[in-house]
Amino acid sequence: MKQICDIFGECSSYVKDWLTKQPEVKEESLTDWFLFNLSEKLPNINYKQFSRTEEGRKTGADWEWWFVFSNTESFACRVQAKKLRLDKDNYPGIAYTNNGKLQIDRLIEDSETDGFCSFYAFYSNESSSNALCGGRLNYDGVFWGEANKLKSEFIDHGRKKLTPSHVLNHTNPISCLFCCPQSGFDKLRFKNYLERYFPSYTTINNPNLANTDQPLGFRPTPKYILQMLSEEQLPNRWEEEYRFRFEKTNAVIVIDLRNKNIR
């Protein structure tokens with residue numbers, strides 16, 4: 001059986017190949033394919049795309065990501081996906097504005113209000129070796145970076161032309177989550193990995209939330225996430241029953257790390 005590292009690497013490689021052959025493929029298509037195939041190939045990953053997509057786009061998250069370490073401990077973040085274009089200025093994508101507000105600001109604010117961290121996923125067929133961890137391979141096509149850091153680097157200091165290399169300097173290959181020796185499948189090692197490569201991931205921008213005892217992202221595992229992992233087929237009422245919990249995202253993907261044999 002292939003390990004989770006191998007599957008993430010294969011799916012990431014497919015995205016790069018797809019972008020090379022069809023540069024105009026839509027971000028939505030890449031996102032749905034990537035998340036669906038992870039869930040199809042790995043029995044410990046569950047993926048649910050919601051029927052209403054406009055709400056998620058307005059609030060700035062393409063998916064909600066849960067890493068479940070136990071029945072009582074998880075890490076949760078919201079992710080906005082962007083396709084990076086070769087030989088073009090990628091600043092407009094990072095500084096995208098919806099209804100008069102920067103998408104990145106909305107993502108960060110909505111996420112931290114609800115106790116989530118905020119990240120970006122980037123799809124790219126750029127061929128340099130840029131990455132925070134220094135472990136990028138030629139086949140990597142999906143990367144992730146922390147939203148606060150991206151905002152600080154690319155928005156707060158004014159407009160500048162952004163190549164894919166500029167952006168990927170502040171990311172890691174998404175497969176690094178499970179392939180990197182610095183990461184791990186338990187809460188402590190996963191937390192250490194985040195602190196090493198994404199030290200601003202727990203930054204709280206809203207002063208009204210600054211005194212919260214619960215660090216962003218790490219939180220008790222909710223009942224509806226455990227239900228996703230326990231049901232082979234979610235009942236039709238599930239989405240409606242928990243609708244209010246997912247009004248700020250288009251989909252949810254859950255990685256079950258409770259079983260030590262899935263690695």
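Side chains included, hydrogens not; waters and symmetry mates left out as well; all remaining heavy atoms used.
Taken to the nearest 0.5 Å, the CZ atom of R219 stands 10.5 Å off from the CZ atom of F75. A distance of 11.0 Å separates CD1 of I4 from OG of S175, quoted to the nearest 0.5 Å.
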The test is side chain to side chain contact (heavy atoms under 4.5 Å, CB included); show your working for S165 and E126 and say whether it passes. CA-CA 7 Å; S165 292; E126 200 270 342; 2.7 Å; yes
Please walk me through it: do F119 and W63 pass ring pair (Phe, Tyr, Trp, His ring centres under 6.0 Å)? CA-CA 10 Å; F119 279 79; W63 77 82; over 10 Å; no
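Put simply, the side chain of N90 gets close to the backbone of K88: a donor and an acceptor are under 3.5 Å apart. Side chain of D114 to backbone of F116: no donor-acceptor contact under 3.5 angstrom is found.
Few gaps surround NZ on K16; more than 12 heavy atoms of other groups in view lie less than 6.0 Å from it. Heavy atoms from other residues, nucleotides or ligands lying under 6.0 Å from CG of D156 number more than 12.
Of the candidates E28, Q80, K82, D62 forms a side-chain contact (heavy atoms from CB on, under 4.5 Å) with just one, namely Q80.
With contacts defined as side-chain heavy-atom distances shorter than 4.5 Å, the pair Y120/F143 does not qualify. The shortest distance between side-chain heavy atoms of W238 and K48 falls below 4.5 Å. At a threshold of 4.5 Å between non-hydrogen side-chain atoms, the residues T171 and W144 do not count as touching. Here the side chains of N148 and F198 are not in contact, with every heavy-atom distance at 4.5 Å or above.
Connection of W33 to I7 is established within a shared hydrophobic cluster, with ILVMFWY side chains joined at heavy-atom distances below 4.5 Å, either directly or through further cluster members.
For an aromatic pair to be called close, the ring centres must be under 6.0 Å apart, and W18 with F34 fails this.
Donor-acceptor pairing under 3.5 Å is recorded for the side chains of D32 and Y47.
Ionic pairing of K41 and D6 is not present here: no N-O contact between side-chain nitrogen and carboxylate oxygen is shorter than 4.0 angstrom.
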